[in-house]
Q: 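This structure is in structure tokens; I'll ask about it shortly.
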Amino acid sequence: MAGALVIAIDGPAASGKGTLARLLATHYGLRHLDTGLTYRAVANALLELGDELGDEAAAIRAAHDLDFATFDRDHLALPEIGEAASRIAVMPELRKVLVSRQRAFAEDEPGAVLDGRDIGTVVCPDAVAKLYVIASPEVRARRRTQEVRARGVPVEQAAILADILKRDERDMARADSPLKPAPDAYLLDTSELSIEAAFRAAQDYIDRAMTGR
Ligand code: CDP
Ligand code: CDP
């Protein structure tokens with residue numbers, strides 16, 4: 001990773017990893033990639049083509065064509081696209097293409113903060129710092145419901161909770177790159193933490209990891 005500084009952030013849906021990743025990227029002067037958007041964008045491309053989500057060849061073509069700089073974040077944030085993303089994310093050959101593109105992004109100097117499910121375990125196992133962010137399912141459902149409603153989409157919190165639990169289960173149970181903490185990851189439970197408190201805890205850990213303490 002010649003010179004690139006990489007911070008890996010993993011965790012389940014709506015745990016707060018993306019918020020943390022953005023703040024940390026700004027703080028350390030690094031680029032940021034939300035790798036979940038890459039899976040969401042491929043799923044969205046298949047849905048728009050009217051293709052079956054099971055068509056791995058079409059998914060791979062969409063993955064090669066993705067422009068990481070122009071994601072339509074509002075549209076990709078819809079719960080049904082998150083659900084479709086977790087269904088295609090079990091495909092090993094699709095993962096190979098996305099992982100290789102994500103790794104290339106990370107290795108460009110000066111480095112980057114990547115958030116997702118397999119950053120510390122598969123995409124960037126040599127990252128200088130690895131965070132595994134969790135929060136209780138109820139807290140995550142409440143946060144995600146508020147977030148989706150703020151985008152003007154009416155949703156029920158119970159439906160969001162069910163979606164989150166189903167995705168957690170699928171992401172943790174899949175054979176290829178399941179969601180799990182890297183053995184050397186720092187576990188951060190944000191259930192009771194404000195965004196600022198979570199940021200301070202993460203920054204403290206990363207500063208120590210960077211100086212080798
Ligand atoms: O990226 P991920 O799906 O893990 O979650 P996120 O998009 O960072 O956070 C989901 C929502 O929870 C956002 O609306 C954040 O503002 C909110 N959040 C929070 O209220 N408290 C935290 N400590 C972290 C995130
Ligand atoms: O924002 P949220 O945490 O709800 O989901 P996301 O990070 O946008 O990811 C959507 C789906 O993509 C996840 O449920 C995973 O199935 C998949 N994903 C993955 O397999 N590997 C990653 N590095 C990132 C996302």
Side-chain angles (χ1 to χ4, degrees), residues 1 3-41 68-77 82 85 102-151 160 164 167-168 171 179 181-182 184-213:
M1 291 221 171
L5 182 76
V6 178
I7 298 172
I9 308 187
D10 292 302
S15 54
K17 58 191 181 304
T19 304
L20 213 44
R22 267 190 302 281
L23 292 171
L24 292 169
T26 302
H27 179 78
Y28 291 105
L30 301 171
R31 293 160 309 120
H32 169 225
L33 179 63
D34 173 352
T35 62
L37 285 177
T38 68
Y39 289 90
R40 285 174 183 261
F68 284 10
T70 60
F71 290 124
D72 179 354
R73 288 160 196 279
D74 277 334
H75 180 64
L76 296 180
Q102 292 159 4
R103 204 173 274 150
F105 181 95
E107 288 173 357
D108 254 358
E109 293 199 25
V113 182
L114 275 70
D115 70 282
R117 301 292 186 288
D118 59 344
I119 310 303
T121 50
V122 175
V123 182
C124 302
D126 297 329
V128 67
K130 298 179 185 179
L131 281 149
Y132 192 81
V133 184
I134 57 167
S136 74
E138 291 71 26
V139 167
R140 292 189 282 132
R142 194 174 65 232
R143 290 176 181 166
R144 183 49 51 89
T145 303
Q146 283 169 358
E147 199 182 18
V148 173
R149 283 183 186 158
R151 292 178 192 267
I160 294 284
I164 280 178
R167 275 202 294 137
D168 282 0
D171 290 347
L179 169 65
D184 52 347
Y186 175 82
L187 195 69
L188 181 60
D189 186 340
T190 70
S191 302
E192 309 282 332
L193 297 183
S194 66
I195 291 174
E196 203 196 337
F199 171 72
R200 276 200 308 271
Q203 187 202 336
D204 185 54
Y205 152 70
I206 294 167
D207 285 348
R208 279 185 282 121
M210 289 202 297
T211 53
R213 276 181 287 148

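Throughout, numbering of the chain's residues begins at 1 and tracks the sequence. If you're wondering where the values come from, they're calculated on a predicted model, not measured in any experiment.
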Q: OG1/T211 to CD1/I206 distance, rounded to the nearest 0.5 angstrom?
A: 12.0 Å

Q: Output yes when R208 and D204 qualify as a salt bridge under the 4.0 Å nitrogen-oxygen rule, no when they do not.
A: yes

Q: In Å and rounded to the nearest 0.5 Å, what is the CG to CD distance from L23 to Q203?
A: 10.5 Å

Q: Any donor-acceptor pair under 3.5 Å linking the side chain of K130 with the backbone of P125?
A: yes

Q: Do R117 and K17 come close enough that some side-chain heavy atom pair is under 4.5 Å?
A: yes

Q: What are the two closest heavy atoms between C124 and L114, and how far apart are they?
A: SG-CD2, 4.3 Å

Q: Any side-chain to backbone donor/acceptor pair from R167 onto P12? Under 3.5 Å, distance only.
A: no

Q: Charged N to carboxylate O below 4.0 Å: is that the case for E138 and R142?
A: no

Q: Ignoring hydrogens and geometry, is there a side-chain-to-backbone donor-acceptor pair from D115 to I9 under 3.5 Å?
A: no

Q: Should the pair Y186 and Y205 be assigned to parallel (<30°), tilted (30 to 60°) or perpendicular (>60°) ring geometry?
A: parallel

Q: Strictly distance-based, threshold 3.5 Å: is any side-chain N or O of D171 a donor or acceptor partner for the main-chain N or O of L179?
A: no

Q: What pair of heavy atoms forms the shortest contact from A182 to G120, and how long is it?
A: CB-O, 3.9 Å

Q: OG1 of T19 to CZ of F199: how many Å apart, nearest 0.5 Å?
A: 12.5 Å

Q: Under a 4.5 Å cut-off applied to non-hydrogen side-chain atoms, are D168 and R140 in contact?
A: yes

Q: Is there a side chain to side chain contact (heavy atoms under 4.5 Å, CB included) between L76 and Y39 once you walk through the steps?
A: CA-CA 10 Å; L76 296 180; Y39 289 90; over 6 Å; no

Q: Side chains of F68 and L33, heavy atoms from C-beta outward: is any pair under 4.5 Å?
A: yes

Q: Quick one: does D10's side chain have a donor or acceptor within less than 3.5 Å of a partner on D118's backbone?
A: yes

Q: Can you see which heavy atom on A202 is nearest to which on L24, and at what distance?
A: CB-CD1, 4.1 Å

Q: So which heavy atom on A41 is nearest to which on F71, and how close?
A: CB-CE2, 3.6 Å

Q: Under the 3.5 angstrom rule, does the side chain of S191 hit a backbone N or O of S136 as a donor-acceptor pair?
A: yes

Q: Judged by atom type as modelled, is there a donor-acceptor pair below 3.5 Å linking the side chain of R144 to the main-chain atoms of I164?
A: no

Q: Between atom CZ of R22 and atom CG of D34, what is the distance when rounded to the nearest 0.5 Å?
A: 7.5 Å

Q: Which atoms form the tightest heavy-atom contact between A4 and E109, and what is the distance?
A: N-CG, 4.3 Å

Q: Just verifying a value: how many Å separate L5 CG and L30 CG, rounded to the nearest 0.5 Å?
A: 5.0 Å

Q: Could you tell me which non-hydrogen atom of R103 sits nearest to which non-hydrogen atom of V123, and how far apart they are?
A: NE-O, 2.8 Å

Q: Is any side-chain heavy atom of D207 closer than 4.5 Å to one of Y28?
A: yes

Q: Out of curiosity, S15 OG to L188 CG, how far, rounded to the nearest 0.5 Å?
A: 9.0 Å

